[in-house]
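Reading through the structure tokens given below for one structure.
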Amino acid sequence: MPKPCKLAAGNWKMNGLRADLSEAESLARAFTAASCGILICPPATLIAPMAEALAGSAVMVGAQDCHPAEKGAHTGDISAQMLVDAGARHVILGHSERRADHGETSHLVAAKAAAAQAAGLVTIICLGESEVQRDAGQTLGVVLAQLADSLPAGAEAANTVIAYEPIWAIGTGRVPSVAQIAEVHDALRAKLPDPAISLLYGGSVKPDNATEIFAVENVDGALVGGASLKAADFGRIITALHAA
Ligand code: PEP
């Protein structure tokens with residue numbers, strides 16, 4: 001049985017101008033032969049220039065969303081094929097900020113994932129419970145239902161990564177205990193259609209807590225928001241993942 005690939009993925013969200021490409025470039029200089037996948041998902045405006053700047057390096061470029069349709073009358077949206085054309089290899093889908101800000105359901109996430117995978121992108125599908133749901137003891141039920149409804153048919157290790165991101169841990173500096181992370185990752189692993197799919201943890205991963213999180217069984221890497229914006233911080237997280 002092949003082992004899941006390790007992946008350190010950075011989600012720049014709506015941050016970053018051309019001047020910030022230097023952060024991606026210095027990361028690529030620091031990790032020339034990476035023993036884990038390294039990915040930056042910048043805002044859509046930076047995908048093409050970042051892919052150009054990082055061509056031939058160990059750092060891959062991804063996107064943060066795509067539309068489920070191939071093309072057509074969808075003003076302001078971006079298709080999966082357009083992302084590929086711009087140089088993206090991965091796309092984050094179903095991030096809790098998109099589920100909250102744009103009312104995205106798990107069924108829409110599955111439709112987007114099917115389109116992205118058909119275009120050749122690896123989809124990073126995000127799942128996670130709210131604080132109210134955790135306090136009510138609903139975490140596993142919520143996350144496993146999101147998994148079942150967000151995965152398209154044909155999801156496998158070659159085209160799918162799952163990111164467990166408790167909503168209450170994103171951007172807050174609060175992190176679940178290692179036992180809480182382990183409980184969810186173990187439950188997810190047991191329900192994956194392909195056990196070699198990589199399972200990332202996301203939510204306030206920082207250089208100081210990365211080693212402890214990466215030591216948890218069934219954590220294959222991280223989806224990192226704020227700490228991915230600076231090459232020095234993201235680099236320390238990548239080094240911790242190498243060592244895990
Ligand atoms: C995220 O938005 O995917 C995320 C994990 O953010 P942060 O690391 O800033 O909590």
Side-chain angles (χ1 to χ4, degrees), residues 1-11 34-41 47 51 58-70 78-96 98-99 104-128 140-165 181-202 214 216-224 241 244:
M1 170 73 57
K3 283 184 73 170
C5 296
K6 290 183 183 180
L7 177 65
N11 173 14
S35 69
C36 68
I38 303 174
L39 172 71
I40 300 177
C41 300
I47 293 171
V59 182
M60 302 175 286
V61 179
Q64 299 175 14
D65 180 47
C66 73
H67 195 278
E70 263 180 55
I78 301 181
S79 76
Q81 193 59 50
M82 291 170 186
L83 299 178
V84 172
D85 191 45
R89 296 182 40 191
H90 295 66
V91 61
I92 298 169
L93 294 172
H95 191 284
S96 60
R98 290 208 61 86
R99 290 178 189 257
E104 292 194 1
T105 63
S106 293
H107 293 290
L108 177 60
V109 173
K112 291 182 174 204
Q117 293 175 5
L121 291 165
V122 176
T123 52
I124 300 176
I125 297 175
C126 301
L127 321 166
L140 292 185
V142 166
V143 170
L144 293 177
Q146 287 176 338
L147 179 74
D149 292 344
S150 302
L151 282 183
E156 58 183 7
N159 60 22
T160 303
V161 172
I162 301 295
Y164 167 55
E165 299 205 305
I181 295 174
E183 180 187 33
V184 176
H185 279 240
D186 291 352
L188 285 169
R189 178 77 69 210
K191 294 287 183 196
L192 291 177
D194 174 356
I197 288 176
S198 299
L199 284 177
L200 310 184
Y201 167 77
F214 293 147
V216 177
E217 206 183 335
N218 286 320
V219 172
D220 306 311
L223 181 54
V224 184
L241 184 56

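Just so it is clear, the values below take in all heavy atoms, side chains as well, and ignore hydrogens, waters and symmetry mates. None of these values were measured; they are calculated from a predicted model.
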Taking side-chain contact (heavy atoms from CB on, under 4.5 Å) as the test, write out the residues that go with H67, two or more places apart. A69, H74, D77
Pairwise side-chain contact, L39 with V61, heavy-atom cut-off 4.5 Å (strictly under): no
Restricting to non-hydrogen atoms, name the atom on G221 and the atom on L241 that form the minimum distance, rounded to 0.1 Å. CA-CD1, 3.9 Å
What residues form a side-chain contact (heavy atoms from CB on, under 4.5 Å) with A157, not counting sequence neighbours? D194, A196, I197
Using a 4.5 Å cut-off on heavy atoms from C-beta on, say whether the side chain of I124 contacts that of L7. yes
Candidate list V84, L83, I92, test side chain to side chain contact (heavy atoms under 4.5 Å, CB included), partner C66, passing option: L83
Minimum side-chain heavy-atom gap E165-H95 below 4.5 Å: yes
Within-4.5 Å side-chain heavy-atom neighbours: E70 and S79: no
Would you say the side chain of R189 lies within less than 4.5 Å of the side chain of D220, judging by non-hydrogen atoms? yes
Test item: L188 and L144 side chains (from C-beta on) under 4.5 Å apart, heavy atoms: yes
Once rounded to the nearest 0.5 Å, what's the spacing between atom CG of D186 and atom CD1 of I181? 11.5 Å
Which heavy-atom pair separates L140 from A187 by the least distance, and what is that distance? CD2-CB, 3.8 Å
Evaluate the side-chain proximity of N218 to V216: yes if any heavy-atom separation is below 4.5 Å, no if none is. no
Counting only N and O atoms by type, is there a donor-acceptor contact under 3.5 Å from the side chain of Q64 to the main-chain atoms of N11? no
Would you call the rings of Y201 and H185 parallel, tilted or perpendicular, taking 30° and 60° as the class edges? tilted
Heavy-atom nearest pair, A63 first then I47, reads CB-CD1, 3.7 Å
With sequence neighbours excluded, what pairs up with N159 under the side-chain hydrogen bond (donor to acceptor under 3.5 Å, both in side chains) test? Q117
Quick one: side-chain contact (heavy atoms from CB on, under 4.5 Å) partners of A111, sequence neighbours excluded? P68
Minimal heavy-atom distance between A80 and A115, with the atoms involved, is CB-O, 3.8 Å
Strictly by salt bridge (Lys or Arg N to Asp or Glu O under 4.0 Å), give each pair with a member in residues 108-123 just once, sequence neighbours left out. D65-K112, E104-K112
Going by side chain to side chain contact (heavy atoms under 4.5 Å, CB included), V109 matches just one of D149, I125, L151, L127. Which one? I125
Per the side chain to side chain donor-acceptor pair (under 3.5 Å) rule, what does the pair list look like for residues 85-94, sequence neighbours excluded? none
pair L223-V161: side-chain heavy atoms closer than 4.5 Å: no
Which heavy atom of P193 sits nearest a heavy atom of A155, and at what distance? CG-O, 3.7 Å
Distance (rounded to the nearest 0.5 Å) between T105 OG1 and R99 CZ: 8.0 Å
Between the main-chain N or O of C5 and the side-chain N or O of S198, is there a donor-acceptor pair closer than 3.5 Å? yes
